[in-house]
K.L.:
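Before I ask anything, let me first share the structure, which is written out below as structure tokens.
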Amino acid sequence: MKEAFAHMAEKTEKYDHKSIEARWQGEWEANGAFRTAEGADADKKYYVLEMFPYPSGKIHMGHVRNYSIGDVLARFLMMKGRNVLHPMGWDSFGLPAENAAIQHGIHPAKWTHENIDNMRTQLKRMGLSYDWTREVATCTPEYYRWNQWLFLRLLEKGLAYKKRSSVNWCPECATVLANEQVEDGECWRCGSTVEMKELDQWFFKITAYADELLEFTEKLPGWPERVLVMQRNWIGKSVGAEVDFKLEGSDEFIKIFTTRPDTLFGVTFMSLAASHPLIEKITTPERKDEVRKFAAKVKSEAKSARPGADEAEKEGVFTGAYCVNPLTGDRVPVYAANFVLMEYGTGAVMAVPAHDQRDFEFGAKYGLPVKVVINPPGKELVTSEMEAAYVDPGVMVNSGAFNGMESSKAMSAITEELEKQGKGKKTITYRLRDWGISRQRYWGCPIPVIYCDTCGTVPVPDESLPVILPENVNFTGKGLSPLATAEGFVNVRCPNCGSMARRETDTMDTFVDSSWYFLRYASPKNESLPFTREEAGYWMPVDQYIGGIEHAVMHLLYARFFTKALRDLGLHTVDEPFRNLLTQGMVCKEITKCPEHGYLYPEEAAGGKCSICGKPVSIGPVEKMSKSKKNVIDPDRIIREYGADTTRLFSLFAAPPEKDLDWNEEGVEGSYRFLGRVWRLINENLDLLIEAKAWEGGQLEGGPKELFGATHRTIKKVTQDIEERFHFNTAISSIMELVNASYQLMPQLDGKGADAIEARVFKKAAETIVLLIAPFAPHISEELWARLGSKVPVYRTKWPTWDEDALKQDEVEIPVQVNGKVRGRVRVAAGANEAAVKEAVLADEKIKESVGGKEIKKFVYVTDKIVNMVVA
RNA sequence: GCGAGAGUGGCGGAAUGGCAGACGCGCCAGACUUAGGAUCUGGUGGGCAACCGUGGGGGUUCAACUCCCCCCUCUCGCACCA
């Protein structure tokens with residue numbers, strides 16, 4: 001239909017996003033537009049980084065949003081004269097590639113590289129300002145050899161070690177999972193129930209940095225508070241004491257951990273984790289049966305997702321054993337309890353029902369005594385009247401020599417006493433565990449060690465790196481990793497003694513790869529080091545890191561750990577990798593459902609009817625885009641139909657970056673219309689605009705003065721919105737206002753020449769619009785800039801600056817409130833004094849009426865802003 | 001339970017002590033047109049009005065979406081951490 005009218009010669013050429021975007025992407029590529037090099041002036045550097053993607057095959061809207069945000073910043077800062085590093089790469093080891101091999105018989109390498117090629121093309125079509133010469137892919141030997149090299153350095157430092165340990169095992173993925181990869185007892189990737197398994201594993205000693213990692217969460221003002229909180233929770237530091245309780249009739253001790261040594265005199269029983277190794281030993285024969293049954297029950301319950309902590313009933317059984325309170329000598333019965341976790345502390349807890357809510361509940365259930373040792377200030381607790389534990393500080397009682405002391409002081413006093421007697425010591429525990437990095441998978445970085453019968457565990461020498469992942473292996477998806485069955489890989493001579501030995505066949509967790517890639521971008525091609533001190537020294541830290549909240553703990557904590565460990569290896573000098581972090585919101589869309597066919601893709605629900613059966617479709621709540629709910633929009637289609645500029649613009653305009661974005665196609669059309677409006681504004685006046693000289697200042701009146709003021713106001717607003725708060729949505733809306741204001745001036749251009757003030761002010765506005773939209777919609781911006789006659793591309797043009805004088809208005813309209821309600825407005829000279837304003841206000845008929853002759857008790861005037869009168 | 005964030009027109013969202021609803025979507029009207037799902041222009045929180053309106057209730061202030069206190073709802077994170 002559109003074509004039928006195409007012959008109706010339109011006044012101006014249509015906005016053809018396809019040819020414009022192809023042209024400028026070609027130009028940028030041909031000119032190496034975004035290549036970066038270290039400069040002399042270190043404070044001009046700016047490192048913008050978006051989390052690199054896993055090459056799943058196609059980009060999704062989350063990527064579009066992430067990279068659009070980063071690109072606005074990068075392009076804006078380039079125009080502001082910063083030396084911007086803006087790289088991109090691929091987090092390209094990982095399970096999906098291996099699954100593709102198992103399911104479709106495609107080699108992971110082939111699958112991955114094809115996906116990378118495809119996604120690179122897609123990213124280039126978005127017009128992102130990456131320095132592609134710095135591209136890295138973690139699955140290439142050029143990259144992963146440095147993974148191996150860094151592993152060896154950590155090994156030398158004692159920060160990598162091997163131990164046999166019980167690990168989380170996913171039966172479906174046939175691999176070990178890190179603690180962080182287990183969610184509610186299920187595999188984070190496939191959702192299978194996780195089992196425990198004993199295996200020899202490589203670990204990184206992240207716990208050696210627990211304190212520093214925690215401490216620096218207070219020194220990252222550029223990070224969102226919630227991410228820091230999540231990391232603090234994850235590290236889970238608590239300060240307290242370890243206390244030894246001697247077992248009655250034995251030389252063994254039960255070691256407990258407590259954060260409340262001040263309550264030690266109030267211990268009335270002891271709780272052990274059901275899986276505590278001492279349980280079996282100490283349980284009296286007549287109780288064995290009951291205790292074993294209980295332990296089995298706790299174990300099975302632990303496997304299924306534990307119900308919400310506080311609501312779960314506290315249960316336990318008496319073991320028949322007693323231990324002795326080290327300070328009071330009291331006899332304390334030992335229980336096995338379901339709420340004590342073997343993984344935390346020592347797996348044993350001293351129970352103080354009077355001052356711990358869990359112990360209180362447990363004690364009440366089994367009729368155990370309550371002994372108060374802390375009274376609230378000015379009060380006395382009566383055991384029989386207590387309905388809950390008293391957990392706050394107070395004054396010590398029933399605590400021997402410590403009576404009368406502030407409980408806060410007793411904490412350390414009692415700990416010191418224990419230390420003096422050799423019965424305990426001050427201790428700090430962490431929830432954070434060392435990072436298990438071994439994976440029984442093929443598509444990952446080989447761990448560079450060799451096992452020799454004579455020499456033991458031997459590191460692969462640096463000069464033998466990289467340990468190449470062999471291509472020729474079998475994929476079954478069952479049992480051992482394909483590497484373990486690759487004879488040519490496994491069998492190797494010991495680098496030490498030369499006898500036949502075996503290679504490690506586990507590969508590294510892919511989070512290792514992504515823990516230092518931001519450093520590799522500084523020296524992407526270096527063949528003798530992972531990165532050089534000079535280059536990393538120039539670019540690091542990343543000034544702005546942008547990515548999804550899902551990486552709040554794992555990736556971001558590992559990357560922080562690596563940065564610190566590599567610093568201590570002397571490889572660079574920064575403490576923290578990411579100075580500022582922006583966690584973008586999710587991209588969401590409403591769900592469409594057919595009563596018969598379930599979830600429908602948006603295109604299957606066109607017109608509100610199911611495309612399969614024609615039944616009306618129910619439109620559900622807005623949720624995160626996901627394939628399972630079919631509420632996904634393919635960026636490729638949007639870019640094809642509307643162009644990259646529109647797609648980027650909409651994803652930035654619809655919501656501020658940290659909030660969730662609600663995708664809707666009408667909004668996309670709105671953004672497209674806006675770009676069309678900019679296109680016409682300039683092309684319909686192109687001859688005049690080329691000829692006119694932009695107005696840069698001087699005496700103005702009326703329409704031109706207004707537009708010139710609006711131009712400068714917009715420069716100021718857009719600049720501040722981008723650099724101070726990342727509020728791209730309001731930046732874009734203010735450019736829209738400037739475009740609207742420019743259209744308002746168009747009638748005044750009629751019949752005027754290029755020398756006319758109107759034309760010159762209009763030119764200034766037009767130029768400004770083109771430059772201000774450049775970070776958001778770079779292609780149309782370049783095209784219009786070239787059409788306006790510039791030989792220099794926009795990305796090398798200076799970002800416009802504003803003139804405070806141009807913002808000033810001669811006259812301002814002041815709203816006048818009477819008792820807080822707007823009753824009228826007066827026009828006064830800008831900056832007028834209160835007396836002058838008052839005179840104008842009192843002369844106004846409408847306002848007079850509102851005042852109704854009543855007494856004016858107070859007259860408030862905020863210069864150029866508002867008047868408020870209190871009358872009665 | 002603890003922690004973080006949010007609650008504003010039909011919708012996405014503006015406004016961080018100073019005219020609530022910028023900008024956009026949607027909707028309505030007009031212009032141009034053989035035609036319009038193009039474009040341009042205007043209108044659009046509710047109410048006939050006085051007035052009423054930012055989750056609810058109190059407070060501070062000349063002035064509160066914004067600050068303080070209490071409560072409700074939602075989202076996210078942590079969750080028997082001794």
Side-chain angles (χ1 to χ4, degrees), chain A residues 1-2 4-5 8 10-11 14 224-234 236-238 240 256-260 263 271 273 306-314 337-341 343-352 356-359 361-362 429-431 549 552-553 585-586 590 622 650 653-656 658-671 673-674 676-677 680 684 717 727 729-737 739-740 743-744 746-747 813-825 857-862 864-871:
Chain A
M1 196 50 84
K2 271 182 192 161
F5 300 102
M8 305 267 310
E10 297 190 28
K11 266 196 276 181
K14 257 188 75 188
E225 186 58 26
R226 60 175 180 152
V227 174
L228 296 172
V229 167
M230 279 190 239
Q231 296 214 346
R232 280 179 212 132
N233 284 343
W234 193 262
K237 177 178 181 172
S238 44
I256 63 102
F257 173 74
T258 181
T259 55
R260 296 291 306 272
T263 64
S271 308
R306 249 192 297 236
D310 295 337
E311 298 89 59
E313 181 79 12
K314 307 209 171 2
N338 65 344
F339 63 88
V340 180
L341 306 172
E343 312 86 75
Y344 186 78
T346 60
V349 184
M350 67 178 205
V352 186
D356 181 284
Q357 186 57 27
R358 287 158 312 182
D359 297 343
E361 287 170 31
F362 188 91
T429 60
Y430 299 90
R431 208 181 78 125
I549 187 71
V553 177
M586 295 179 298
E590 82 271 348
V622 173
F650 175 73
F653 177 64
E658 65 286 356
K659 284 187 68 172
D660 286 353
L661 184 156
D662 202 357
W663 191 271
N664 78 312
E665 200 117 348
E666 288 78 32
V668 178
E669 272 168 28
S671 294
R673 270 205 292 273
F674 168 67
R677 233 167 116 70
R680 287 186 298 274
E684 282 171 9
K717 169 117 179 100
H727 279 207
N729 55 334
T730 51
I732 293 166
S733 80
S734 65
I735 303 172
M736 288 173 170
E737 286 179 85
V739 171
N740 293 343
Y743 269 93
Q744 296 300 315
M746 268 176 65
E813 194 182 61
I814 307 280
V816 180
Q817 296 182 327
V818 177
N819 290 338
K821 292 194 172 93
V822 181
R823 296 298 185 190
R825 30 195 92 232
K857 296 205 155 166
K858 194 158 189 176
F859 186 95
V860 181
Y861 171 58
V862 182
D864 293 350
K865 280 249 169 83
I866 203 163
V867 166
N868 192 11
M869 290 187 284
V870 185
V871 306

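Only a predicted model underlies this, so the values are computations on that prediction, with no experimental measurement involved. Letters A, B, ... are given to chains in the order of the sequence lines, protein chains preceding strands, and every chain is numbered from 1.
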K.L.:
Is any side-chain nitrogen or oxygen of A:Asn868 closer than 4.0 Å to OP1 or OP2 of B:G18?
P.N.:
no
K.L.:
Between A:Ser734 and B:C23, is there a contact of a side-chain N or O with OP1 or OP2 at under 4.0 Å?
P.N.:
no
K.L.:
Can you tell me if the side-chain N/O atoms of A:Arg226 get under 4.0 Å from OP1 or OP2 in B:C78?
P.N.:
no
K.L.:
Are A:Asn740 and B:G24 close enough that a side-chain N or O sits under 4.0 Å from OP1 or OP2?
P.N.:
yes
K.L.:
Let's see if you can work this out: which of B:A22, B:C80, B:G24 has an atom nearest to the side-chain heavy atoms of A:Asn338?
P.N.:
B:C80
K.L.:
Hey, does the side chain of A:Lys858 come within less than 4.0 Å of B:C62's phosphate (OP1/OP2), counting only N and O?
P.N.:
yes
K.L.:
Could you summarise the pairing of RNA chain B as dot-bracket text, marking Watson-Crick and G-U pairs under 3.5 Å with ( ) or [ ] inside the strand and | across strands?
P.N.:
(((((((..(((.....[....)))((((((.......))))))((....))..(((((..]....))))))))))))....
K.L.:
Between A:Arg677 and B:U41, is there a contact of a side-chain N or O with OP1 or OP2 at under 4.0 Å?
P.N.:
yes
K.L.:
Which pair of heavy atoms, one from A:Met350 and one from A:Asp359, lies closest together, and at what distance?
P.N.:
O-OD2, 3.7 Å
K.L.:
Categorize A:Gly236 for me: base, sugar-phosphate, or nothing, with a 4.0 angstrom heavy-atom threshold over every strand shown.
P.N.:
nothing
K.L.:
Taking for each residue the nucleotide of RNA chain B with the nearest heavy atom, is it A:His727 or A:Ala348 whose nucleotide lies nearer the 5' end?
P.N.:
A:His727
K.L.:
Answer yes or no: does a side-chain N or O of A:Tyr743 lie under 4.0 Å from OP1 or OP2 of B:U41?
P.N.:
no
K.L.:
Using a 4.0 Å heavy-atom cut-off, does A:Asp359 contact any base of the nucleic acid, only the sugar-phosphate backbone, or nothing at all?
P.N.:
nothing
K.L.:
In whole angstrom, give me the gap between the P atoms of B:G30 and B:G37.
P.N.:
14 Å
K.L.:
What's A:Val862 touching, base or sugar-phosphate or nothing? Going by heavy atoms closer than 4.0 Å.
P.N.:
base
K.L.:
What does A:Val227 touch in the nucleic acid at a heavy-atom separation under 4.0 angstrom: a base, only the sugar-phosphate, or nothing?
P.N.:
nothing
K.L.:
Return no unless some side-chain N or O of A:Arg823 is found under 4.0 Å from OP1 or OP2 of B:C19.
P.N.:
no
K.L.:
Would a distance-only check, ignoring hydrogens and angles, find a side-chain to backbone donor-acceptor pair under 3.5 Å from A:Asp660 to A:Gly585?
P.N.:
no
K.L.:
Does OP1 or OP2 of B:C81 have a side-chain N or O of A:Arg232 closer than 4.0 Å?
P.N.:
no
K.L.:
Please identify each residue that fulfils side-chain contact (heavy atoms from CB on, under 4.5 Å) with A:Thr259, with sequence neighbours left out.
P.N.:
A:Ser238, A:Phe257
K.L.:
Any side-chain N or O of A:Gln744 under 4.0 Å from OP1/OP2 of B:G42?
P.N.:
yes
K.L.:
B:A38 phosphate, OP1 or OP2: any side-chain N/O from A:Arg680 under 4.0 angstrom?
P.N.:
no
K.L.:
What I want to find out is whether A:Arg673 reaches A:Glu666 closely enough, with some N-O distance under 4.0 Å, to be called a salt bridge.
P.N.:
no
K.L.:
At 4.0 Å (heavy atoms only), tell me whether A:Pro656 reaches a base, stays on the sugar-phosphate, or touches nothing.
P.N.:
sugar-phosphate
K.L.:
Give A:Lys821 one of three labels, base, sugar-phosphate or nothing, depending on what nucleic acid heavy atoms sit under 4.0 Å from its own.
P.N.:
sugar-phosphate
